[in-house]
Amino acid sequence: PIKLNIMIDEWKPVDSNSLNARKELIADFKHIAGEEGENEGDPVTSIRPDQLLKFLKLYVDRIGIPWSENFGKYLTEKTFQHFDKNKDMILQPTEIVAMFDEFVYAPRAKATHDLTVCVFGGGAFGTAIASVLAKKGNIVRILMRPEEMEHVESLNNTNINTMAFKDIRLPTNITATTDPVVALQNVSWIIHAVPVQFSHGFLKNLKHLIPPLVPIISVSKGICLKTLHFMNEIIPSALERDQPAAFLCGPSFAKGILCDDPTAVLVASTFPHIARSAQCLLSTPNFRVYTSSDVYGVEIGSALKNVLAIAAGIANGLGYGANSATFLVTRGWAEIRQICVAMGAQERTLAGLSGIGDLMLTCFGGMSRNAEFGKILAKTNDVKQALQMAGGVVEGYATAQATKELAQKHKLELPIITAIADTLAGLITPAEMMCYIMTFTLGPED
């Protein structure tokens, strides 16, 4: 049998709620083990592996995860592996507490109810996040522009957002409006999905309606060309206050989210409780959310990868193979690491979901507007036409010039990103860009 030698006073819970929860844990152990001690401090002992399985099922059910016999066996094995124990060894009280906290308090794919969430912007990604939230039972309102009224009516009448996905029917608890007063009534969370170049003005116009304590989760990616600000700087600047905020990034095409493709993203905030709450709000069995405190690292990687996606598209449009696109993306990523370090972000963040993960999907996933724009540009040599034909907002277009200026501000030499920016500015053609990059002075790889 597994010996579970637990004493309540050894746990030293931080508050009364924690104490009560752990008392319930003791009661569950006693019930499952068939032992009823005379005092609440009596140890609980001799619980068999099959009884531990019942205990795990109890708590997995409570946190809303589907249960199966195989899943239970898997969790049992993982429990012992995690604590480096054999099945005939004793689990110490601290280990039981750790297991309890992991299963009860860790963010899971648990549905939230009766929350009202407002999504700013009815584009593809805002619609996808709205769907994630609605499928968890929340009331979701999408705020669109007055000139988008036909899309508003379509969504409200047919549950189809014709502005983003004409062939996908959305949950019925998603509605749309052009009235910000209606959209923001009794909201608990705000999802900001307005393109970065328009975000400051948009938020400034709504600052008197946005409740100061309601957290904003930004899914917009880029650098404001006018101010060289990322979204973590744009939000407080526009609202003229320190609004609680988090920033979501990661390898996630909107259509994949809508189709329930298993997806993982990262949400970053300087406030750990906001990151954790956003994680709980958004996580589902098919949408896994990790947290980070490195806001700049997350924003830099997710914004600048769009510039490299344009370069990859250019290489493809010029008729070159995978060698060329991979070369541009890899060496361009080395330049982005320089910006990351210069701005005080954590370089390791670029190795995660919001960095290399987002980069790989955007550059080589086959569905990126930025890569498509680069491909069209290489074939037409016409920036304006390529922007029109790309099929949506090309975030990397403005971000390229902003990144070039940001590099100059930090006195960095970023030849590949500069060449991409100059190409988009019409100073050189895509073919000339490739020739210029290939004739850089030879040297070691840094």
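By convention here, the first residue in the shown sequence is residue 1.
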May I ask you to test the [X]-[Y] pair for a side-chain heavy-atom distance under 4.5 Å?
| X | Y | answer |
| --- | --- | --- |
| Pro430 | Asn381 | yes |
| Ile210 | Leu203 | yes |
| Asp422 | Lys404 | yes |
| Ser277 | Trp189 | yes |
| Gln338 | His410 | no |
| Thr291 | Leu266 | no |
| His273 | Pro244 | no |
| Ile437 | Phe440 | yes |

Pair Tyr320-Leu328, side chain to side chain contact (heavy atoms under 4.5 Å, CB included): steps then yes or no: CA-CA 12 Å; Tyr320 298 127; Leu328 290 173; over 6 Å; no
[atom1] of [X]: more than 12 outside heavy atoms within 6.0 angstrom?
| X | atom1 | value |
| --- | --- | --- |
| Glu413 | CD | no |
| Phe364 | CZ | yes |
| Phe198 | CZ | no |
| Arg348 | CZ | no |

Test applied, side-chain contact (heavy atoms from CB on, under 4.5 Å); reference residue, [X]; option that passes from [options]:
| X | options | answer |
| --- | --- | --- |
| Thr403 | Leu225, Thr418, Ile339 | Ile339 |
| Ile142 | Thr177, Thr178, Ile174 | Ile174 |
| Ile190 | Val117, Val119, Leu184, Ile217 | Leu184 |
| Leu281 | Val132, Leu133, Val267 | Leu133 |

Does the [X] side chain pair with the main chain of [Y], one donor and one acceptor, at a distance under 3.5 Å?
| X | Y | answer |
| --- | --- | --- |
| Thr158 | Ser154 | yes |
| Asn138 | Val140 | no |
| Lys136 | Ser283 | yes |
| Asn156 | Thr175 | no |
| Ser368 | Ala371 | yes |
| Arg141 | Ala183 | yes |
| Asn205 | Gly201 | yes |
| Arg369 | Val393 | yes |
| Asp261 | Ile257 | no |
| Gln385 | Thr380 | no |

Can you see whether [X] engages [Y] through a side-chain donor-acceptor pair at a distance of less than 3.5 angstrom?
| X | Y | value |
| --- | --- | --- |
| His229 | Ser237 | no |
| Asn161 | Thr127 | yes |
| Thr349 | Asp294 | yes |

Roughly how far apart are [X] [atom1] and [Y] [atom2], rounded to 0.5 Å?
| X | Y | atom1 | atom2 | value |
| --- | --- | --- | --- | --- |
| Leu304 | Glu335 | CG | CD | 10.0 Å |
| Ile216 | Phe247 | CD1 | CZ | 8.5 Å |
| Thr429 | Ile314 | OG1 | CD1 | 9.5 Å |
| Met231 | His200 | CE | NE2 | 10.0 Å |
| Asn232 | Glu299 | CG | CD | 4.5 Å |
| Leu206 | His192 | CG | NE2 | 10.0 Å |

So, for [X] and [Y], which heavy atoms are closest and what is the spacing to 0.1 Å?
| X | Y | answer |
| --- | --- | --- |
| Leu282 | Val289 | CB-CG2, 3.9 Å |
| Leu258 | Ser131 | CD2-CB, 3.4 Å |
| Ala254 | Ala124 | CB-O, 3.5 Å |
| Lys305 | Thr362 | CE-OG1, 2.9 Å |
| Phe230 | Ala303 | CE2-CB, 4.1 Å |
| Cys249 | Val298 | SG-CG1, 3.4 Å |

Ring pair (Phe, Tyr, Trp, His ring centres under 6.0 Å) contacts in which one or both residues fall within residues 116-166, not counting sequence neighbours: Phe120-Phe202
Carboxylate-amine/guanidinium proximity below 4.0 Å for [X] and [Y]:
| X | Y | result |
| --- | --- | --- |
| Lys204 | Glu240 | no |
| Asp260 | Lys135 | yes |
| Arg337 | Glu347 | yes |
| Glu148 | Arg145 | yes |
| Asp358 | Lys221 | no |

Worked check of side chain to side chain contact (heavy atoms under 4.5 Å, CB included) between Leu424 and Phe373: CA-CA 10 Å; Leu424 302 186; Phe373 163 74; 3.6 Å; yes
Derivation of the side chain to side chain contact (heavy atoms under 4.5 Å, CB included) call for Val196 and Glu395: CA-CA 8 Å; Val196 169; Glu395 301 96 333; over 6 Å; no
CA sep, side-chain torsions, deciding dist, call: Ile223, Gln401, side chain to side chain contact (heavy atoms under 4.5 Å, CB included): CA-CA 9 Å; Ile223 309 173; Gln401 182 61 37; over 6 Å; no
Sequence-distant partners of Gln197, side chain to side chain donor-acceptor pair (under 3.5 Å), two or more places apart: none
